[in-house]
Amino acid sequence: MYDKFRTIHSDGDLLICGCGKKEPVEEQPAASSPAAAPAATPIDPATAATVSGTVKFEGVAPKPAKIDMSQDANCKGSNAAENLVVVGGDLANVFVYVKDGLGNRTFALAKDPVVLDQSGCKYHPHVLGVMAGQSVKIENSDPTTHNIHPTPKDNREWNESQAPQAPALEKSFAREEIMLPVKCNQHPWMKMFINVTKSPFYAVTGPDGKFEIKGLPPGEYTLAFVHEKLGEQDQKVTLGAKESKTLDLSFKP
């Protein structure tokens, strides 16, 4: 209280001080600026190469399992599971990335975030790629509350609710991590995978099984093909200046 006083004896003198009055706060030194990110290693566009191809599924693919969404009347999307999507022998949702061969190169982050939407009580896309440190913009297009919960091994775990028409969440992941699972605690069938890479050289196969990675400097590379159920296959490829190569691959059940 400002109207009460206390006495302090110092060297025999009597001092009267207002009790409760805030003492001046000592100014703290300004925090040092974070170290600037290393400059991106330049790539000559005149020599940039491309690798593309198609990923197939060998044999007869099982029919997609049906998802029971009855616990939430607001969930009115497709109820087909997405953990194995095969269309005419083409395999979707395979994450393809340059696993080795880039050495110590560094790369500038894309200015625009990648978008992860929740619609029909499913994540769109089911498999997503993003660079370490790049923003992921998470939207909720459903008339129901979702609960986004990544469960990483090498990144920070978080768990956050998002109401209908709520502002988008902006998140990022600091470390490289492939097939990082994401779930919704409100709707247990909702699952997807975020792939965090050091470089922008990645792709996800669509329903036609196709992928394309362009802008690579000439060199020898190992490409990893990763699927949530079928595992990983690695393939080596050598790319010359301006070269475009086709690299096809098949997964077995």
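As the structure is a prediction and not an experimental result, all values here were calculated from the model.
In this structure, the side chain of Asp208 engages the main chain of Lys210 through a donor-acceptor pair within 3.5 Å. Side-chain N or O atoms of Asp248 include one that pairs as donor or acceptor with a backbone N or O of Thr54 at under 3.5 Å. Although no hydrogens or angles enter the test, the distance criterion places no donor-acceptor pair under 3.5 Å between the side chain of Gln235 and the main chain of Leu249. Using modelled atom types, one side-chain atom of Lys122 and one backbone atom of Ser78 make a donor-acceptor pair closer than 3.5 Å. Between the side chain of Lys245 and the backbone N or O of Val237 there is no donor-acceptor pair closer than 3.5 Å. In this structure, the side chain of Asn140 engages the main chain of Thr144 through a donor-acceptor pair within 3.5 Å. Using a distance-only test at 3.5 Å, with no hydrogens or angles considered, a donor-acceptor pair links the side chain of Gln233 to the main chain of Ser250. With hydrogens and angles disregarded, a donor-acceptor distance shorter than 3.5 Å links the side chain of Gln71 to the backbone of Gln186. Using modelled atom types, one side-chain atom of Thr205 and one backbone atom of Asn93 make a donor-acceptor pair closer than 3.5 Å. Checking side-chain atoms of Asn155 against main-chain N and O of Ala174 turns up a donor-acceptor pair under 3.5 Å.
Two residues are said to be in side-chain contact when any heavy atoms from C-beta on lie closer than 4.5 Å; Phe95 and Ile178 meet this criterion. With a 4.5 Å cut-off on side-chain heavy atoms, Trp189 and Asn79 do not count as touching. At least one side-chain heavy atom of Val98 sits less than 4.5 Å from a side-chain heavy atom of Leu223. Side-chain contact between Asn159 and Asn185 is present, with at least one heavy-atom pair separated by less than 4.5 Å. Contact annotation: the side chain of Tyr123 approaches that of Ile148 to within less than 4.5 Å [non-hydrogen atoms, C-beta and beyond]. At a threshold of 4.5 Å between non-hydrogen side-chain atoms, the residues Asn195 and Val130 do not count as touching. Using a 4.5 Å heavy-atom cutoff, the side chains of Phe57 and Leu230 are in contact. Looking only at side-chain heavy atoms (C-beta outward), Pro218 and Leu239 stay at 4.5 Å or farther from each other.
Residues Leu180 and Leu128 share a hydrophobic cluster, clusters being chains of Ile/Leu/Val/Met/Phe/Trp/Tyr side chains in contact below 4.5 Å. Criterion: ILVMFWY side-chain heavy atoms under 4.5 Å apart, direct or through other members. Under it, Ile67 and Val86 are not part of a common hydrophobic cluster. Residues Val127 and Tyr202 are members of one and the same hydrophobic cluster, defined by side-chain heavy-atom contacts under 4.5 angstrom among Ile, Leu, Val, Met, Phe, Trp and Tyr. Put simply, Val114 and Val96 are part of two different groups of oily side chains (I, L, V, M, F, W, Y) that touch within less than 4.5 Å, one to the next.
The 12-atom threshold is exceeded at CD of Glu157, counting heavy atoms of other residues, nucleotides or ligands nearer than 6.0 Å. Within a 6.0 Å radius of CD in Glu220, no more than 12 heavy atoms belonging to other residues, nucleotides or ligands are found. Atom NZ of Lys214 is surrounded by 12 or fewer heavy atoms from other residues, nucleotides or ligands within 6.0 Å.
Sulfur-sulfur distance for Cys121 and Cys75: below 2.5 Å, consistent with a disulfide.
Summarising the geometry, atom CE belonging to Met192 is positioned 14.0 Å from atom CG belonging to Asn83; distances are rounded to the nearest 0.5 Å. Between the CG atom of Leu102 and the OG1 atom of Thr106 there is a distance of 11.0 Å, given to the nearest 0.5 Å. Distance CG/Asn104 to NZ/Lys198: 9.0 Å, rounded to 0.5 Å. We find the CG-CG distance between Leu169 and Leu116 to be 10.0 Å, quoted to the nearest 0.5 Å. Between atom NZ of residue Lys236 and atom CG of residue Leu247 there is a gap of 12.0 Å, rounded to the nearest 0.5 Å. Interatomic distance, NZ of Lys183 versus NE2 of His149, reported as 5.5 Å (0.5 Å rounding).
Note: Phe251 and His227 have tilted aromatic rings, judged against thresholds of 30 and 60 degrees for the angle between ring planes.
Remark: aromatic rings of Phe225 and Tyr97 are distant, center separation not under 6.0 Å.
A salt bridge does not link Lys229 to Glu82: none of the charged nitrogens lies less than 4.0 Å from a carboxylate oxygen. We find that Glu160 and Lys171 are joined by a salt bridge, their nearest charged nitrogen and carboxylate oxygen being less than 4.0 Å apart. Between Lys56 and Asp90, at least one side-chain nitrogen of the basic residue sits less than 4.0 Å from a carboxylate oxygen of the acidic one, meeting the salt-bridge criterion.
For the pairing with Gln118, the side-chain hydrogen bond (donor to acceptor under 3.5 Å, both in side chains) check across Gln162, His187, Glu139 returns one residue only, Gln162.
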